[in-house]
Amino acid sequence: MPSPERRFPPGPGRECPPVKTVAVAEYRPQDIEQKWQRRWTETRAFEAVEDPSRPKFYCLEMFAYPSGHAHVGHVRNYMIGDVVARLKRAQGANVLHPFGWDAFGLPAENAAIKNNLHPETWTRENIAHMKGQLQRLGISYAWGRELATCDPEYYRWNQWLFIRMYERGLAYRKRSSVNWCPSCQTVLANEQVVDGGCWRCGTPVEHRDLEQWFFRITEYADELLSAIDGLSDWPDKVLTMQRNWIGRSEGTHVAFPLLDATGRAVEDIDVFTTRIDTIFGATFVLLAPEHRLVEEFARASSDPAVFKAALERFRAQDRVARMSGEVEKEGFDTGRVARNPFTGEAVPIWVANFVLGDYGTGAVMAVPAHDQRDFEFARKYGLPVTAVVQPTEADRDAAPAGSMPAGILDGATMAAAYDGPGTLVASGEFTGMRADAGWQAMADRAEREGFGRRAVQYRLKDWGISRQRYWGTPIPMIYCDTCGIVPVPDADLPVVLPKVVEFSGKGDSPLAQIPEFVNAACPACGGPGRRETDTMDTFVDSSWYFYRFCDARNDQQAFDPARVAYWAPVDFYSGGVEHAILHLIYSRFFARVFRDLGMVTHDEPFARLLTQGMVLKDGNVMSKSKGNVVDPDEMIQRVGVDALRMYVMFVAPPEKEVEWTDAGLEGSYRFLARVWRLVAPLTGALRGETAGWASLDLDGDDRALRRKTHDTIRRVSADLYPRVHLNTAISALMELVNDLYAYGEKTGWLRVGRRDDEAEVPSIERAATKAVVKEAFEALVRLLAPFAPHMAEELWERLGHEGGIVAAGWPAHDAEVARAEALVIPVQVNGKVRARLTVPADIDDAALEAAALADPHVRQHTEGKTVQKVVVVKGRLVGVVAK
RNA sequence: GCGAAAGUGGCGGAACUGGCAGACGCGCCGGACUUAGGAUCCGGUGGCCGAGAGGCCGUGGGGGUUCGAGUCCCCCCUUUCGCACCA
């Protein structure tokens with residue numbers, strides 16, 4: 001990387017170039033920043049206590065996985081949150097802005113295996129380093145509430161909550177086919193499988209049958225879904241992703257009797273369909289390769305070996321081929337038949353590779369005429385296709401052009417499935433009904449006659465939380481041969497992770513290797529018992545940490561409900577979109593569990609969510625492996641924290657991805673240095689009271705500067721919250737600074753831009769100038785404080801104020817002062833701007849119209865035409881229509 | 001394939017409900033100050049025509065609504081993200 005270092009002034013540790021006179025206003029960020037960071041730490045400036053007399057504001061950034069070093073991509077999020085926290089503090093809110101560590105997880109264990117370092121050592125060292133980084137960034141955290149999820153004081157309450165959930169049937173054990181990553185040697189949740197591969201290493205996922213612990217999140221599926229509508233301050237994108245993830249669909253279970261060779265019904269095959277209205281077109285039944293009956297059919301088939309080979313192929317295909325996208329639809333005839341309960345006809349039963357074993361019942365009725373997948377399957381294997389929904393003329397008229405198939409649908413000739421609206425045909429007693437009405441009528445009949453029932457199906461699965469890993473929360477359960485599964489009594493919590501373990505990296509849980517851990521007396525009968533050796537998914541840790549922050553040192557309970565009632569819900573939560581589904585849906589689930597335990601009073605834990613964009617370097621995401629990380633400490637060395645913060649927030653809106661550029665960073669440094677040169681030399685001269693506005697004689701320039709000052713206050717305040725348009729807020733500050741330079745030049749007090757040896761301490765004699773400059777500076781410094789807190793504190797102090805800049809409050813904008821005296825109004829003739837009129841701000845419409853029509857440029861374009869209409873938009877524009 | 005978002009100067013980006021497109025910054029050009037400038041201050045900077053006043057064009061492409069469209073509607077192209085057999 002080319003070093004632009006020499007373009008910056010020397011830091012404290014570096015040598016100064018020979019200059020004749022040291023400039024009065026040399027900006028030395030490092031000195032200032034260390035001074036203020038020390039002071040903030042000493043005064044515990046950002047700690048918070050409940051105070052019912054003040055409005056609270058809970059500002060939270062997603063806590064960090066302590067991977068080692070934070071790069072600017074990570075810290076962007078903390079900077080965004082810090083601006084909001086500092087703003088809200090200045091505006092008088094009681095702000096809770098805590099930070100902590102999502103400290104359990106695989107990388108620590110992998111590092112242990114690789115470097116023979118205990119996961120705890122690795123984790124604690126990383127935390128120490130990253131905490132130092134964040135402190136050097138001047139993020140205003142209440143460090144007194146710091147927590148790490150690997151602290152027994154924290155994970156104890158994971159265990160406590162687990163037992164509460166177990167008692168309520170929300171935590172349960174089941175044997176199930178789970179995702180297994182052969183590389184990480186662990187089970188993965190469905191959510192951790194990305195495109196058929198492990199979310200961390202990408203290795204294709206295999207399947208294994210294991211006894212696992214699950215959280216019954218599906219119990220809350222409907223509520224989690226419907227409450228999404230109330231999350232008005234979340235990005236739509238995230239809400240859509242959550243809706244899709246939950247995947248609610250309304251349909252009907254229908255029993256298709258399985259027939260034996262004699263045509264007698266032996267048992268029912270339960271299928272789930274959302275299109276019962278098309279059931280008269282259900283010409284075959286499809287089973288997933290994992291379906292319960294398939295093995296039985298295989299055994300009973302004429303050639304079990306061939307049957308089973310095909311099954312195995314499908315199951316393997318499922319995981320490997322699926323990753324590459326389209327999988328060719330394949331299947332085979334089981335030779336068995338079932339009866340369509342509506343038509344009474346016998347339909348063949350096939351096994352198909354595209355039917356999912358873990359959704360619905362693993363069996364579907366195939367309606368090839370009206371479902372594209374079934375259609376392709378039917379055409380491939382020559383299965384019958386019967387159209388039972390026909391679009392009417394009215395349907396065709398209502399549909400977008402070209403979207404309807406031509407002619408009457410005929411199963412024999414149609415080229416694709418039809419899933420649009422229409423009227424039922426060939427559907428027995430339902431023929432002639434509209435399809436949607438038929439849907440209800442058929443579901444009614446199925447329910448009435450007892451072979452079906454309406455049901456809601458979710459794509460969301462229960463959350464498997466067992467991990468065959470060491471570095472996580474031990475699941476607080478004991479297996480006793482006489483008593484069965486027994487929870488560890490609350491009094492015995494936490495079940496502490498033993499320190500000494502062999503890290504073999506093998507498949508079994510490392511805890512299972514430690515007899516002292518495994519062997520435990522049964523809490524119920526006192527007899528010999530075995531501890532659960534799996535640990536919890538780390539998403540458990542992160543699903544409620546925001547409540548713990550409200551009462552981080554409580555050793556009696558997870559948190560005091562009263563404290564949480566004061567602080568929660570989180571008012572402003574920011575983090576990466578990568579957590580749009582998992583972390584956020586689990587947290588919403590836990591909030592409801594705590595609610596149902598009577599510990600929190602709200603439903604939703606995060607009132608507002610902001611998903612911040614990533615920081616790219618050379619078009620790529622920063623990562624250690626790519627070697628393109630930008631180290632914040634390095635940047636701090638070069639330009640100081642304030643410039644780094646400024647740059648990251650100025651370069652783009654927070655939600656957007658940004659490309660890191662050193663040139664941009666330099667620009668932000670220049671801006672701050674420009675502020676410094678402007679304000680610092682005058683701080684002495686501006687101390688103390690100035691005369692009241694009424695006694696001052698302000699000229700046009702003075703009034704213009706005041707106007708700019710107050711307009712800037714308005715703009716910055718409006719941009720910062722709730723909009724969080726940090727970049728435009730900064731540009732408003734830059735405009736104010738530019739105007740101050742121009743004003744300073746004009747009124748003669750500006751002392752920058754001269755040669756160093758001309759530097760002198762400036763002063764302002766004229767009372768009016770002094771007053772407007774002081775007002776502007778004090779607004780500027782306070783408006784700057786959320787972005788560049790160190791410089792702002794320093795300048796504020798030099799301006800003669802004690803007690804810190806937060807105590808000074810947020811500047812108030814005076815609409816009267818901010819109001820323009822004159823406006824420049826563009827005049828359009830037939831849509832084109834032909835003149836700009838400078839008019840008094842309070843001009844009435846008639847006068848404005850008259851002035852517009854009288855303007856020579858306007859007349860030039862209306863000459864020889866008739867003015868047909870004049871549109872006056874107050875304070876904005878005049879539009880003239882001339883023909 | 002389905003869904004969503006987004007396409008604006010050389011670059012990052014402004015433009016809140018239809019009302020002066022390009023704020024602010026980077027870069028570049030010029031000037032001042034200077035032994036020097038890579039510091040600083042001032043000015044310029046969408047394209048084309050013009051000495052100038054000014055004019056024409058211009059927000060991915062094409063159509064439309066409107067006195068007026070970056071913004072609204074329709075079609076198309078591109079990019080990014082999400083979901084990808086959920087019956």
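Each chain gets a letter, A, B and so on, in the order its sequence line appears, and its residues count up from 1. Note that this is a predicted model, so its numbers are computed, not measured.
- Rounding to the nearest 0.5 angstrom, the gap separating the CD atom in A:E250 from the OG1 atom in A:T274 is 10.5 Å.
- Side-chain contact annotation: A:W660 with A:D662, donor-acceptor N/O pair under 3.5 Å present.
- Rounded to whole angstrom, the span from the CD1 atom of A:I246 across to the P atom of B:C83 amounts to 14 Å.
- One interatomic measurement links the two molecules: CD of A:E745 to C1' of B:U40, which rounds to 12 Å at whole-angstrom precision.
- Salt-bridge check for A:R836 with A:D855: failed, with every basic side-chain N at 4.0 Å or more from each acidic carboxylate O.
- In summary, A:R714 and A:D711 engage in a salt bridge, as defined by a charged side-chain N under 4.0 Å from a carboxylate O.
- Aromatic pair A:F787/A:F650: centroids not less than 6.0 angstrom apart.
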After noting the C-alpha distance and the side-chain angles of A:T273 and A:I279, does the key distance pass the side-chain contact (heavy atoms from CB on, under 4.5 Å) rule?
CA-CA 9 Å; A:T273 177; A:I279 197 165; 5.7 Å; no

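- In summary, A:K380 and A:E376 do not engage in a salt bridge, as defined by a charged side-chain N under 4.0 Å from a carboxylate O.
- Applying the 4.0 Å criterion to OP1 and OP2 of B:C42, one finds that A:R674 has a side-chain N or O inside that range.
- Regarding contacts with the backbone of B:C56, a side-chain N or O of A:R834 is found under 4.0 angstrom from either OP1 or OP2.
- A:M614 has its CE atom 8 Å from the P atom of B:C81, to the nearest Å.
- Across all strands, A:N738 comes closer than 4.0 Å only to sugar-phosphate atoms, never to a base (heavy-atom distances).
- In this structure, the nucleotide among B:C20, B:C41, B:C26 sitting nearest to the side chain of A:R836 is B:C20.
- The partner of B:C2, taking Watson-Crick or G-U wobble pairs whose two distances both stay under 3.5 Å, is B:G82.
- Between the CG atom of A:D270 and the C1' atom of B:A87 there is a distance of 13 Å, given to the nearest Å.
- The side chain of A:K832 places an N or O atom within less than 4.0 Å of a non-bridging phosphate oxygen (OP1 or OP2) of B:C57.
- At whole-Å resolution of the value, CD in A:E26 and P in B:U40 are 12 Å apart.
- For the C1' atom pair drawn from B:A15 and B:U71, the interatomic distance equals 9 Å after rounding to whole Å.
- Atom P of B:G3 sits at a distance of 30 Å from the matching atom of B:G12, rounded to the whole Å.
- B:U45 and B:G25 are spaced 14 Å apart, taking the C1' atom of each and rounding to whole Å.
- Nearest nucleotide to the side chain of A:I581, out of B:C83, B:G55, B:C20: B:C83.
- Comparing the C1' positions of B:C85 and B:C2 gives an interatomic distance of 12 Å, to the nearest angstrom.
- Taking for each of A:D371 and A:H857 the nucleotide of RNA chain B with the nearest heavy atom, the 5'-most of the two is the partner of A:H857.
- Of all nucleotides present, only B:G31 satisfies the Watson-Crick or G-U wobble test against B:C41, with each distance under 3.5 Å.
- B:G9 takes the syn form, because its glycosidic angle lies no more than 90° either side of 0.
- A cation-pi arrangement is found for A:K329 relative to A:F354, the charged atom lying closer than 6.0 Å to the ring centre and inside a 45° cone about the ring normal.
- Phosphate proximity of B:C41 to A:Y741: present, with a side-chain N or O under 4.0 Å from OP1 or OP2.
- The pair A:K746-A:D701 meets the salt-bridge criterion, with a side-chain N (NZ, NE, NH1 or NH2) lying under 4.0 Å from an Asp/Glu carboxylate O.
- Remark: the A:K237 side chain and the B:C81 base include no donor-acceptor N/O pair separated by less than 3.5 Å.
- Comparing the C1' positions of B:G70 and B:G9 gives a spacing of 14 Å, expressed to the nearest Å.
- Side-chain polar atoms of A:T728 and A:D719 form a donor-acceptor pair below 3.5 angstrom.
- We find that CZ of A:F377 is positioned 14 Å from C1' of B:A87, with the value rounded to whole Å.
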Going 5' to 3' through nucleotides 13-19 of chain B and flagging B where a protein heavy-atom sits under 4.0 Å of the base, S where only the sugar-phosphate is that close, and - otherwise, we get SSSS--B

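- Using a 4.0 Å heavy-atom distance criterion, A:T240 is classed as making no nucleic acid contact.
- Going from the P atom of B:G52 to that of B:C11 covers 27 Å, rounded to whole Å.
- Taking atom C1' in both B:U8 and B:G47, one finds a spacing of 14 Å when rounded to whole Å.
- In this structure, CG of A:L740 is placed 15 Å from P of B:C24, rounded to the nearest angstrom.
- With B:A23, B:C85, B:A87 as the choices, the nucleotide that has an atom nearest any side-chain atom of A:E735 turns out to be B:A23.
- Residue contacts for A:T661: at a heavy-atom cut-off of 4.0 Å it reaches no nucleic acid atom on any strand shown.
- OP1 or OP2 of B:C26 has at least one side-chain nitrogen or oxygen of A:R670 nearer than 4.0 Å.
- Atoms CG (A:N620) and C1' (B:U80) sit 15 Å apart, rounded to a whole Å.
- For the C1' atoms, the distance linking B:G64 with B:U80 amounts to 29 Å, nearest Å.
- Within the nucleic acid shown, A:G360 has no heavy atom closer than 4.0 Å to any nucleic acid atom.
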